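Encoded as structure tokens, the structure appears first; notes follow it.
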There are 2 protein chains.
Amino acid sequence: MPLGQRAGDRGDSRYCGVETEFSNEMPEVLNHNLAGGFDFVLAPLIDPSHRPSISMDNGDGFVLPVAASDLIVNPAQWSSHVVGKISSWIDLDSDDEKLRLESETALKQEISWASHLSIQACLLPPPKEGSFGNYARCVNQILQGIGNMQLWLRLPLEKSEPMENESEDTGYGSLGAALSDSWESWNSFRLLCEHSNQLCVALDIRRSLPSINSLFRWFGEPVRAAIIHTDAFLTNARGYPCLSKRHQKLITSFFELSFQVVISGQLVHSIPEESFAVFPSNDNDTINEAAPIRHELKPYVDYVAFLYQRMDPLSEQERFEINYRDFLQSPLQPLMDNLEAQTYETFEKDTVKYTQYQRAVCQALLDRVPYEHASTSQTVLMVVGAGRGPLVRASLQAAEEAGRKIKVYAVEKNPNAVVTLHSLIKLEGWENMVTVVSCDMRHWDAPEKADILVSELLGSFGDNELSPECLDGAQRFLKPDGISIPSLYTSYLQPITTSKLYNDVKSHKDLAHLETAYVVKLHRVAKLAPAQPVFTFVHPNFSANRSNQRYTKLKFEIPFDTGSTLVHGFAGYFDAVLYKDIHLSIEPSMPTTTMFSWFPIFFPLRSPVCVPSGCQLEVQFWRCCAPSKVWYEWCVTSPVVSPLHNVNGRSYWVGL
Amino acid sequence: MPLGQRAGDRGDSRYCGVETEFSNEMPEVLNHNLAGGFDFVLAPLIDPSHRPSISMDNGDGFVLPVAASDLIVNPAQWSSHVVGKISSWIDLDSDDEKLRLESETALKQEISWASHLSIQACLLPPPKEGSFGNYARCVNQILQGIGNMQLWLRLPLEKSEPMENESEDTGYGSLGAALSDSWESWNSFRLLCEHSNQLCVALDIRRSLPSINSLFRWFGEPVRAAIIHTDAFLTNARGYPCLSKRHQKLITSFFELSFQVVISGQLVHSIPEESFAVFPSNDNDTINEAAPIRHELKPYVDYVAFLYQRMDPLSEQERFEINYRDFLQSPLQPLMDNLEAQTYETFEKDTVKYTQYQRAVCQALLDRVPYEHASTSQTVLMVVGAGRGPLVRASLQAAEEAGRKIKVYAVEKNPNAVVTLHSLIKLEGWENMVTVVSCDMRHWDAPEKADILVSELLGSFGDNELSPECLDGAQRFLKPDGISIPSLYTSYLQPITTSKLYNDVKSHKDLAHLETAYVVKLHRVAKLAPAQPVFTFVHPNFSANRSNQRYTKLKFEIPFDTGSTLVHGFAGYFDAVLYKDIHLSIEPSMPTTTMFSWFPIFFPLRSPVCVPSGCQLEVQFWRCCAPSKVWYEWCVTSPVVSPLHNVNGRSYWVGL
């Protein structure tokens, strides 16, 4: 049964598995383990002592020594409760040619049998460090024709020295192997297999863990399972298994990312006899109540369930965002398209954002109009891009709070939103204070000049929805000492590993999708270095030679203890100064908390770039402008040189 | 006028140009230089003192200060006699933003003007070492829309310290710049521009030259011109300019590769007054005869013409092969397709090959039948894949030479060739010695067993036309002590730089062409390391577990003084042992001279691989076999990891 339930969370991480030995009494194995608290078994499908040459020697009558046929355990059971474990004797890079050829036959035979059983995933033995070219080639060949089945490549998480009681059947070899960085093997293996989205990872977790930065890399990889060995558990004061703080934190992160846990190994703790119910058991745990079955690994799964259940429930915002996780969206084209009512409604719910605007306008009014002129002076405030009026409301509330008189022009180009604006003004009785202008701010002929321009034209990457061009157009009707809210904004970028997004982008099989930016709630992502500022725009900008073209070269230092990394692209953010110290930000180090209007933006790379340990990553970004459009171009220039992306805005641009 | 004439050579290298200063008297410039012995000028098109901001300041009436309009010099003249020289003040990566933006405008303006004039190529100023990201981006944007015009990026050939009298107008900057490896700048620049086939190279040649290995890299690049500076010339005993031996050799290589020479600089030699006709002048040099014009650079072009005319004329084989240079062909599918008479005829002309076969058969007969049995013993010889009979003829001649009696079975699957064979036997009166068998050797039921199997089933890569599979099938009817001619063959590979072939492969815009092998007469290619053996097959092979699958890992050491390189793919060859020490080989270090039946094979890489200076290149090759086809898969695993190429033979295979 599942480890527990978290409201709104539909990830796989609530299912826990157990690694088992080969047995040809598969129904009993399943019954025992499912009753013992596990959701699935990681089990060999074919007797590991079998060699394909045996079947050849025995002639036509030979039957594969399988764990159970599809008549003994039906395909639905195989599919729901078994991950097939490929024989670990298989060695496709052996110097012994006979073993190599036999391994190739056996691997294909086992996968084919798993496929016949409708098994959803098979666990592949770990690659031998530095020598898995032929293994990768065979797996790649197999990946071309296995329908939806996933192959999980088994890899050690640690890169430290092996534990003393290393169990035989996981297939790790010598000391040398364990000292290397398994992520590098994984990376080479998946590059050879061209990022197949059916090639995933299962990580073996033992007592020692590598550095946090090195661990983080896996967060952007298609890890499906964390195989926790019983020898990774410590013993608590009462003799029960528990995990170190670092392990606990890691497993909790894995749960967040929907990795499944699998318990592996023997009972290595001497559990007191009295009871197994130390941790809160599930209410609907009917099997256990009906016929309590003593599974020797129950203390471990109970501890894992405890960790699962201890996690904070998902917040309302997280529940809202869960469907958007790692889901690519095209950025808005607000100048070319008119937003729909539903979109306005969603954005208007972001109270934090409007509170910030209200604070900014309030502070600006207080600074602009001294107390002694409060009753006589009227400030002209223009909301450009007023939409359905949330900034009008925030401005009016700010004026009230500040005790200042304002006159508001609400300029909006979307005629549908203008209808709503008129209706709002009547409903609220704002007729004397607010004038609605149905016009594109770049072309409006204003009847008077404004003290304050208020706008919310920012995209996830700051200027990417053409706020600079709009505000340049609007500042014509700003007084020489007038101000803009926001007064400044800066875009930010950071390199990320994100197998999921890269595969989604690549799945379109065209160049255009590989050089387009996407709005996306980043989730299964490894952030490799702190974000850096890219382009800054200041408003108003009355200088004669102003240009909204930009060019920046960024150099990212990836922390040394991370090891080598693969960069699939760049996450983009913005930070905006509304007024003085009042910001709106989605930059990860200083976000405006609980604001939800903007997900990050993602700029992919056409070919992911390997950054060897200790190397710098240099990337260049351009903001290019033409009469009818604005676009970005980008490239990597170190450690390797990529082609220029999105040349002349051929694949992705924002229309003026 | 051209430097000279070589029979059969239609390369561009017989045309010589001269670099000139800006002049608005373009007709005079052209007349002077064409009359002075040059075929074209490398000339600025727009006054280099002009800045785009001037035209803006001057308003609408401003006219670009061009060298000459298309009314003064017509487009046909511009196109035949002028390469446009882009202003060298242009600096797209200046820290001065104004200069940067002005440079962008100017570059686009000058190229646009050149395009208007129908100029075929423009020379771009050299990139600043380590800082040309924005330059590359602008050039890349321009490359998207300039029709057929070529852009020649100017680069110094040397990586040594700059000469003292470095001329100002070539645009090279500081000492630091000249010390670096200009090939690396070129490589980054063209990677950013995605290997555009309109982006080419012009090399500045001065007195010092880098190492030979480093020079070789340019042989695989799209170099269009070698700009030889007058200060690169030495002075001979009589006071005339000449070049060092190393320079001479280099320029001769450039001529072979169709690079054009351009002379640049001032007269720096004090030439004796008496004459300009030190070197043989052209017979059809009518202009000079009619009105001898004294061009101050004439001594230099005369020397270059001397070098050109001194080259050996093309051999008959070279003239035959000239049309095949760097031209991709699909390898034959001899098992699936039947060859045509024309193809047989071409191959039969390769007398060297058949002489080797005759020597091999002769030696084998002498070894097999002692002199004392010569008149009594008859050797059964089977020619498998007899085609139109050249091996039958060679075998009969060998028997005569050896004084041994043979009986020949000529086995051929192509029914059309069988018709020719019957006709040949009648013509030659071989009826008593030769039996024609119209059958696929793999299925023939032979009436007796053979002493010697003779075949010529080799492809450019040895086993790539399925010789192993055919001979495995044929060895059924070989006596236990019988022999095969050839008895052994090995394929070879070496990494190469070849911009031309890579661009040709890429131009198909599909994956299949990027992972197919091609037969090609390699010409504009840089061979980066000695070829290494790949797969070996021995015949006959009676072992029980024989397999024609193969797997090899190759590690290439690129000579350290080469510098960094780009590998576009691998050139493949074979060496075959016909009998004992009698070989057929196209491996470059030990080729069978004047044999022309096989061009090399070329295995491309989907993405060219950069190999930094001093790094090893590791590549893996597989020969895979399935019931109906044989194919290769390959990948690079160091210094970077490529995807596996041609998975499951999806793009390229040979049918059984």
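Just so it is clear: chains get the letters A, B, ... in the order the sequence lines come, proteins before strands, and each one is counted from 1. All values derive from a computational prediction rather than experimental measurement.
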Discussion item. Using side-chain heavy atoms (C-beta onward) and a distance below 4.5 Å, is B:Glu194 in contact with A:Arg606?
Written reply: yes
Worksheet item: Under 6.0 Å from the CG atom of B:Asp96, do we count more than 12 heavy atoms belonging to anything else shown?
Response: yes
Worksheet entry | Residue pair B:Leu101 / A:Tyr551, side-chain heavy-atom distance below 4.5 Å | no
Worksheet item: Got more than 12 heavy atoms from elsewhere within 6.0 Å of NZ, A:Lys555?
Response: no
Item to complete: Check each atom of A:Asp93 against the heavy atoms of chain B and say whether the ones under 4.5 Å are side chain, backbone, both or neither.
Response: side chain
Worksheet entry | Selection from B:Ser642, B:Ser607, B:Cys610 maximising heavy-atom pairs under 4.5 Å formed with chain A | B:Ser642
Worksheet item: So what's closer than 4.5 Å to chain A heavy atoms on B:Lys553: side chain, backbone, both or neither?
Response: side chain
Discussion item. Nearest 0.5 angstrom please: B:Leu191 CG to A:Thr637 OG1, how far?
Written reply: 11.5 Å
Worksheet entry | For B:Leu192 against A:Val636, the heavy-atom pair lying closest together | CD2-O, 4.4 Å
Discussion item. I need the residue from B:Ser638, B:Ser547, B:Gly133, B:Pro612 with the largest number of non-hydrogen atom pairs under 4.5 Å to chain A.
Written reply: B:Gly133
Item to complete: Search all heavy atoms of A:Arg650 against all heavy atoms of B:Gln144 and return the closest pair with its distance.
Response: NH1-OE1, 4.0 Å
Discussion item. Taking side chain as everything from C-beta outward and backbone as N, CA, C, O, which of these in B:Arg190 sits under 4.5 Å from a heavy atom of chain A? Side chain, backbone, both or neither.
Written reply: neither
Discussion item. Counting heavy-atom pairs closer than 4.5 Å to chain B, which one of A:Lys98, A:Gln549, A:Arg100, A:Glu97 comes out on top?
Written reply: A:Arg100
Item to complete: Could you tell me whether the side chain of B:Arg137 reaches within less than 4.5 Å of the side chain of A:Cys635, counting heavy atoms only?
Response: no
Worksheet entry | Nearest heavy atoms of A:Cys624 and B:Gln141, plus distance in Å | SG-NE2, 4.1 Å
Item to complete: Mind checking the CD-CG spacing from B:Glu633 to A:Asn134? Nearest 0.5 Å is all I need.
Response: 9.5 Å
